[in-house]
Structure formats: structure tokens, C-alpha cells
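The figures that follow rest on heavy atoms only: side chains count, while hydrogens, waters and symmetry mates do not.
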Amino acid sequence: IVVLGSFPGPVVATFSQFGQAAMFRSLSFLAACVTCMESASNVECELDGSCNVGIGMLQVQAEQKKKAGTGFYIPDNEMCCVMGDIAYIRAALLRLKSSPLAAGYANAAATEGSCASRGYSDGPHEESCFPKAKLFFGKDHPIDPDSESELMKAYAQEHGDEATMQGMSNLCLPITDAQ
């Protein structure tokens, strides 16, 4: 059980059925209920980021204001940010991490939120490999035009040219909902 504070009564959330990892992920959606808590004493936060506000016998469903389901990833060299539906971003990053470009995404993670929150506000631009995502750049993040060719060269030295060509041709295949 986590007690978050009082607005005007104590705000309590139970995580026993989800485990410790879920607790840390859940703190972000609980913060979204703060606005609701300021005007009600009975607030129940849901895992989807919404909160149920109890006002006497009336239950009001208050939806979280931020864009639910939007996410991004940033390559290790931080030259850009790729943003879209979080499920699509996860699938794209998984594809990158199993491609000849994997070494450039070793520390990249699919993160909920927007590229602007990380300083990437120049966009959206088209992302040629993952068309359901958008590409963003930032003034504090210089573009490295040689990074992909260097990653492919290093991969080819270890795995051969044929494996590199096959891996790159698979990289940009359409991502389906099932992936």
C-alpha cells in the first residue's frame, strides 16, 4: 500500500496484485489523479491512467489529460527522437535491437511521453522506416549522418555482407498489430 498524501483525505493505492515493478510504473498514472483529488475526497485511480471520482452517490469518470498511449525512443547517440503510439514504438525498437543497427540502440528504451519532453521539438518529420511514427530533432542534439553506415559496417565485419543486407531488408518491413 502506498499513501500519496491527502486531498482532503488520505490517498491510498494497493499494488499487492501487481508487484513492485508495477508500483513504480503506476506512480505516473497516480499523479494524473491529483487534479481530481483536489475537488473530491474519494478517488480511485485505474491502471489505464483514468480515475474514478466519488462525489456522494455520483461516480464521475475523469480521463487523464495527457495523450494516453504515446511514446518515444531515442538512439544511443541521441541525435533524434522517434515518437508514436507506444505499442508501435515498442515494436519498432524491438525490430531495431535485432537488426544490424542494434549496437546503436543498446541503451534505448520505449518510454511513455513525448519527444518534446526530452528537448526534441523540431518536428514532426516523416520516419521512412517506421511510417506510423514521427521523427523529431533538437537543437542540443547534433545529427550524426555517418552513424547508421558505421553501425552497418561493424555488423558486416562480424556477420558478413549477406547477413547485413538481409537484416536491413527485414528492418523496414511493415509492423503489424500482432507484433
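Counting all heavy atoms, side chain and backbone alike, Cys80 lies closest to Ile74 at O-CG2, 3.4 Å. Residues Arg118 and His141 come closest through the heavy atom pair O-NE2, 3.7 Å. Taking all atoms of both residues into account, the shortest heavy-atom contact from Gly71 to Ile86 is CA-CD1, 3.6 Å. Here the closest non-hydrogen pair linking Phe72 and Ser117 is CE2-OG, 4.2 Å.
Glu150 CD to Leu101 CG: the interatomic distance, rounded to the nearest 0.5 Å, is 12.0 Å. Atom OH of residue Tyr88 and atom CG of residue Leu93 lie 12.5 Å apart, to the nearest 0.5 angstrom. Within the model, atoms OG of Ser99 and CG of Leu151 stand 8.5 Å from one another, a figure rounded to the nearest 0.5 Å.
For the pair Tyr120 (side chain) and Glu78 (backbone), a donor-acceptor distance under 3.5 Å is present. Arg95 places a side-chain N or O within 3.5 Å of a backbone atom of Leu171 that can act as its donor or acceptor partner. Within the 3.5 Å criterion, the main-chain N or O of Gly160 finds a donor-acceptor partner in the side chain of Thr164. Formation of a donor-acceptor pair under 3.5 Å by the Lys97 side chain with backbone atoms of Ala103 is not found in this model. One N or O on the side chain of Asp76 and one on the backbone of Ala106 form a donor-acceptor pair closer than 3.5 Å.
Taking the side chain to side chain donor-acceptor pair (under 3.5 Å) definition, one finds that Asp144 meets it with nothing, sequence neighbours left out.
Connection of Ile143 to Leu96 is established within a shared hydrophobic cluster, with ILVMFWY side chains joined at heavy-atom distances below 4.5 Å, either directly or through further cluster members. In terms of hydrophobic clustering, with Ile, Leu, Val, Met, Phe, Trp and Tyr side chains grouped at heavy-atom distances under 4.5 Å, Met83 and Leu135 are assigned to different clusters. Taken together through direct or relayed side-chain contacts under 4.5 Å among Ile, Leu, Val, Met, Phe, Trp and Tyr, Tyr105 and Tyr155 form parts of separate hydrophobic clusters.
Contact of the Pro142 side chain with the Met79 side chain is not registered, since no non-hydrogen atoms from C-beta on lie closer than 4.5 Å. Taking the side chain as every heavy atom from C-beta outward, Glu112 and Thr70 never approach each other to under 4.5 Å. Looking at Phe136 and Val82, their side chains never come closer than 4.5 Å, going by heavy atoms from C-beta outward. Between Thr111 and Tyr73, every side-chain heavy-atom pair lies at or beyond the 4.5 Å cut-off.
His125 has its ring centre less than 6.0 Å from the ring centre of Phe137.
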- [ ] List the steps, then state whether salt bridge (charged side-chain N to carboxylate O under 4.0 Å, His left out) holds for Lys134 with Glu126.
- [x] CA-CA 5 Å; Lys134 298 296 178 192; Glu126 295 301 314; 3.0 Å; yes
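Glu148 CD: 12 or fewer foreign heavy atoms inside a 6.0 Å radius.
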